[in-house]
Asker: 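Can you read through this structure? Questions will come right after.
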Amino acid sequence: KAGVTQTPRYLIKTRGQQVTLSCSPISGHRSVSWYQQTPGQGLQFLFEYFSETQRNKGNFPGRFSGRQFSNSRSEMNVSTLELGDSALYLCASSLGGFAQPQHFGDGTRLSIL
Amino acid sequence: KQEVTQIPAALSVPEGENLVLNCSFTDSAIYNLQWFRQDPGKGLTSLLLIQSSQREQTSGRLNASLDKSSGRSTLYIAASQPGDSATYLCAFNNAGNMLTFGGGTRLMVKP
């Protein structure tokens with residue numbers, strides 16, 4: 001059974017640009033969550049999608065947004081990139097019930113120049 | 001707001017030692033906790049999950065315990081091997097599927 005797949009693995013952007021990251025969950029998983037990992041702040045929750053609806057949201061500015069498609073695949077978008085957005089962005093999927101185990105992908109490394 | 005602390009931040013041990021990684025939390029109203037390992041440049045690999053109603057879980061050389069009354073969880077690794085070298089993270093689920101992570105313990109097992 002394939003794991004969580006994130007594309008691309010690496011991205012380099014400049015300040016002010018926007019970026020879209022993609023996540024394909026484990027087959028049968030309906031919940032997709034996104035996390036940001038930085039050396040200074042560690043792992044922080046961005047948002048969770050279930051059945052194409054945002055179910056939970058972390059404390060990030062509106063420049064960070066996401067969506068989920070009918071096949072449970074999810075995308076995360078960051079607009080007007082800032083240097084501080086440089087991070088490893090991780091996606092996790094779960095079956096979708098309450099408090100289910102989370103399974104993570106290998107992440108997208110985003111670097112802002 | 002849940003706060004999670006992992007001690008120590010880094011640990012270096014010789015191969016074969018048994019070791020304990022600690023994780024403390026401030027809000028005991030949790031649903032479950034997961035222990036993960038993260039290899040450099042990689043995502044998180046789930047090691048163990050303990051539901052709120054459980055006290056411990058075991059998988060191979062790993063044993064994780066949960067004590068909600070004291071706000072602590074421990075990950076015990078028996079007979080450590082160089083392949084165990086990684087960063088270990090604990091994460092608590094106390095709001096649906098939103099995980100709150102500790103800062104991690106960076107483990108180095110020397111041959």
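In what follows, chains carry the letters A, B, and so on, assigned in the order in which the sequence lines appear, proteins first and then strands, with residues in each chain numbered from 1. For the numbers below, each heavy atom of this structure counts, side chains included, while hydrogens, waters and symmetry mates do not.
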Asker: I'd like to know which of A:G58, A:P101, A:G42, A:C91 tops the heavy-atom pair count under 4.5 Å against chain B.
Answerer: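 Maximum pair count with chain B is reached by A:P101.
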Asker: Using 0.5 Å steps for rounding, measure from the CG atom of A:L90 to the CZ atom of B:F101.
Answerer: 8.0 Å
Asker: Answer with yes or no whether the hydrophobic clustering places B:L47 together with A:V4; edges join I, L, V, M, F, W, Y residues whose side-chain heavy atoms lie under 4.5 Å apart.
Answerer: no
Asker: Linking I/L/V/M/F/W/Y whenever their side-chain heavy atoms sit closer than 4.5 Å, directly or via other members, would B:F36 and B:F92 fall into one cluster?
Answerer: no
Asker: Between A:F64 and A:L11, is there shared hydrophobic-cluster membership here, with clusters defined by ILVMFWY side-chain heavy atoms closer than 4.5 Å?
Answerer: yes
Asker: Heavy-atom pairs under 4.5 Å with chain B: which of A:F50, A:F47, A:F45 has the most?
Answerer: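 With the most close heavy-atom pairs to chain B, the winner is A:F45.
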Asker: Members other than A:I12 in its cluster, when Ile, Leu, Val, Met, Phe, Trp, Tyr link by side-chain heavy atoms under 4.5 Å?
Answerer: A:L113
Asker: Between B:L99 and A:F104, is the side-chain contact (heavy atoms from CB on, under 4.5 Å) condition met? List the steps.
Answerer: CA-CA 12 Å; B:L99 296 179; A:F104 283 78; 4.2 Å; yes
Asker: Pick one of side chain, backbone, both or neither for B:L49, based on which atoms fall under 4.5 Å of a heavy atom in chain A.
Answerer: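 Interface part for B:L49: side chain.
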Asker: Indicate if B:L62 and B:V109 have the same hydrophobic cluster label, given that clusters are the connected sets of ILVMFWY residues with side-chain heavy-atom separations under 4.5 angstrom.
Answerer: yes
Asker: Any donor-acceptor pairs between chain B and chain A, under 3.5 Å? If so, list them.
Answerer:
| from | atom 1 | to | atom 2 | distance (Å) |
| --- | --- | --- | --- | --- |
| A:R9 | NH2 | B:G41 | O | 3.4 |
| A:Y35 | OH | B:L99 | N | 3.0 |
| A:Q37 | OE1 | B:Q38 | NE2 | 2.9 |
| A:Q37 | NE2 | B:Q38 | OE1 | 2.9 |
| A:E48 | OE2 | B:N97 | ND2 | 3.1 |
| A:G97 | O | B:N97 | ND2 | 3.3 |
| A:A99 | N | B:N97 | OD1 | 3.1 |
| A:A99 | O | B:N32 | ND2 | 2.8 |
| A:Q100 | N | B:N97 | OD1 | 3.1 |
| A:Q102 | N | B:Q34 | OE1 | 3.0 |
| A:Q102 | O | B:Q34 | NE2 | 3.4 |
| A:D106 | OD1 | B:G43 | N | 3.3 |

Asker: At a heavy-atom separation under 4.5 Å, does A:L88 approach chain B through its side chain, its backbone, both, or neither?
Answerer: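 The side chain, not the backbone.
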Asker: Given a cutoff of under 4.5 Å between side-chain heavy atoms of I, L, V, M, F, W and Y, with clusters grown through shared members, what are the other residues clustered with A:L95?
Answerer: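 Traced through the cluster, A:L95 reaches no other member.
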Asker: Do B:L48 and B:L89 sit in one hydrophobic cluster, given that two such residues count as connected whenever their side-chain heavy atoms are within less than 4.5 Å of each other, even indirectly?
Answerer: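 B:L48 does not cluster with B:L89.
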Asker: Given heavy-atom pairs under 4.5 angstrom as the criterion, report whether the side chain, backbone, both or neither of B:I30 touches chain A.
Answerer: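 It is neither, since no heavy atom gets under 4.5 Å.
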Asker: Of all residues at least two apart in sequence or in a different chain, which pass the salt bridge (Lys or Arg N to Asp or Glu O under 4.0 Å) check with A:R63?
Answerer: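 Residues passing salt bridge (Lys or Arg N to Asp or Glu O under 4.0 Å) with A:R63: A:E82, A:D85.
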